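Presented below is the structure to which this report refers.
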Amino acid sequence: MTRNNVERAALTEKLGVDIDPELLSLALTHRSYAYENGGIPHNERLEFLGDSVLGQAVTVRLFTRHPELEEGGLAKRRASVVSTVALAEVARRIGLGAFVRLGRGEILTGGRDKDSILADTMEALIGATFLSAGPEAATAMVLRMVEPLLADPERYGAAMDPKTSLQEIAARLGLLAPVYTVDATGPDHDRRFTATVTVGELATTGSGSSKKQAEMAAALTAWRELDTRA
């Protein structure tokens with residue numbers, strides 16, 4: 001077995017499902033790689049399918065698990081669980097970024113850790129699972145992957161807009177508005193940003209490939225800490 005096959009076998013083991021090798025390769029192919037390699041097929045059609053499978057699986061689980069919630073509450077929780085930020089965390093948990101086939105430009109700009117690329121690839125893998133193993137296996141895989149999100153919906157609601165959520169909880173606790181500082185390191189083609197947010201006596205940091213991403217990461221960490229005090 002080649003190294004590439006061994007690595008992909010490790011990925012499918014983390015997913016807990018067998019995926020047809022060709023579909024797996026397609027699911028991991030970002031459009032930037034496809035364009036640099038003669039316009040080969042990429043994963044956006046699988047992403048489209050996976051988005052529907054994900055939405056249905058999460059909707060049914062929330063509906064059956066929370067009979068006390070009205071439509072608005074169910075919709076809010078679903079939006080939190082299927083958000084780009086939440087899916088990117090799922091992807092990071094299984095080390096998905098290392099397997100994505102990216103074009104050179106995306107690699108140089110930190111594409112392996114971009115929320116949008118990770119979330120889209122996660123959806124493409126769900127689509128590939130649906131085609132390879134069927135709807136039941138795809139639904140089971142989705143629920144395994146998102147169970148931590150379903151158990152902590154408020155966290156992922158904050159993750160969709162952490163800076164606003166942090167400002168709101170700070171006001172609720174009688175603290176001054178958050179203050180951000182950002183530092184950048186590395187060459188222009190591979191800049192990394194580190195943000196520090198200060199709220200009262202609390203200071204937390206976050207990093208990312210853009211100033212916005214770093215500030216959001218720092219804000220989410222601070223929100224989690226303050227949420228335990230609220």
Side-chain angles (χ1 to χ4, degrees), residues 54-55 58-59 61-63 65-97 109-120 122-123 143 145-188 190-230:
L54 170 68
V58 171
T59 298
R61 175 56 62 90
L62 289 171
F63 182 87
R65 180 177 286 183
H66 297 284
E68 78 283 2
L69 291 177
E70 298 294 335
E71 179 186 2
L74 290 169
K76 182 179 179 180
R77 291 199 181 203
R78 180 178 60 191
S80 297
V81 171
V82 304
S83 70
T84 296
V85 172
L87 287 179
E89 182 159 326
V90 171
R92 291 188 182 97
R93 194 193 316 140
I94 62 173
L96 181 57
T109 57
R112 295 195 186 282
D113 195 45
K114 286 183 179 177
D115 284 0
S116 58
I117 290 176
L118 291 174
D120 290 348
M122 196 70 226
E123 289 180 337
L143 295 178
M145 292 292 104
V146 305
E147 186 57 39
L149 319 188
L150 291 167
D152 193 6
E154 294 304 319
R155 175 187 175 191
Y156 289 93
M160 296 174 71
D161 189 358
K163 294 181 73 173
T164 298
S165 295
L166 177 59
Q167 186 169 336
E168 290 174 349
I169 198 170
R172 194 159 70 245
L173 293 172
L175 302 173
L176 294 176
V179 176
Y180 295 85
T181 59
V182 182
D183 295 317
T185 58
D188 288 343
D190 190 23
R191 300 287 275 177
R192 296 295 296 175
F193 295 84
T194 300
T196 300
V197 60
T198 303
V199 190
E201 297 181 355
L202 175 67
T204 62
T205 62
S207 61
S209 56
S210 69
K211 177 182 176 181
K212 179 180 178 181
Q213 188 179 75
E215 288 182 342
M216 289 176 65
L220 184 56
T221 300
W223 179 88
R224 290 171 185 159
E225 175 64 27
L226 293 179
D227 187 53
T228 64
R229 309 178 189 178

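Everything numeric here is computed off the predicted structure, so don't read it as measured data.
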Under a 4.5 Å cut-off applied to non-hydrogen side-chain atoms, are [X] and [Y] in contact?
X      : Y      : value
Ser165 : Trp223 : yes
Val90  : Ile94  : no
Leu202 : Leu226 : yes
Leu149 : Glu89  : no
Glu123 : Asp120 : yes
Val197 : Val179 : no
Val199 : Gln167 : no
Ile169 : Asp227 : yes

Does a side-chain N-to-carboxylate-O contact under 4.0 Å join [X] and [Y]?
X      : Y      : answer
Asp115 : Arg92  : yes
Arg77  : Glu70  : no
Lys163 : Glu168 : no

TODO: Verify the distance criterion only: is there a donor paired with an acceptor across the side chains of Arg192 and Thr185 at less than 3.5 Å?
DONE: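 No - no donor-acceptor pair under 3.5 Å links their side chains.
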Open item on the list: Treating Arg93 as the side-chain partner and Met145 as the backbone partner, does any N or O pair qualify as donor plus acceptor under 3.5 Å?
Closed with: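 Present.
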Open item on the list: Strictly distance-based, threshold 3.5 Å: is any side-chain N or O of Thr204 a donor or acceptor partner for the main-chain N or O of Ala218?
Closed with: yes
Task: Greater than 12 external heavy atoms within 6.0 Å of Glu68's CD - done: yes
TODO: Quick one: closest heavy-atom pair of Thr196 and Ala203, and the distance?
DONE: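 Closest heavy-atom pair between Thr196 and Ala203: CG2-CB, 4.4 Å.
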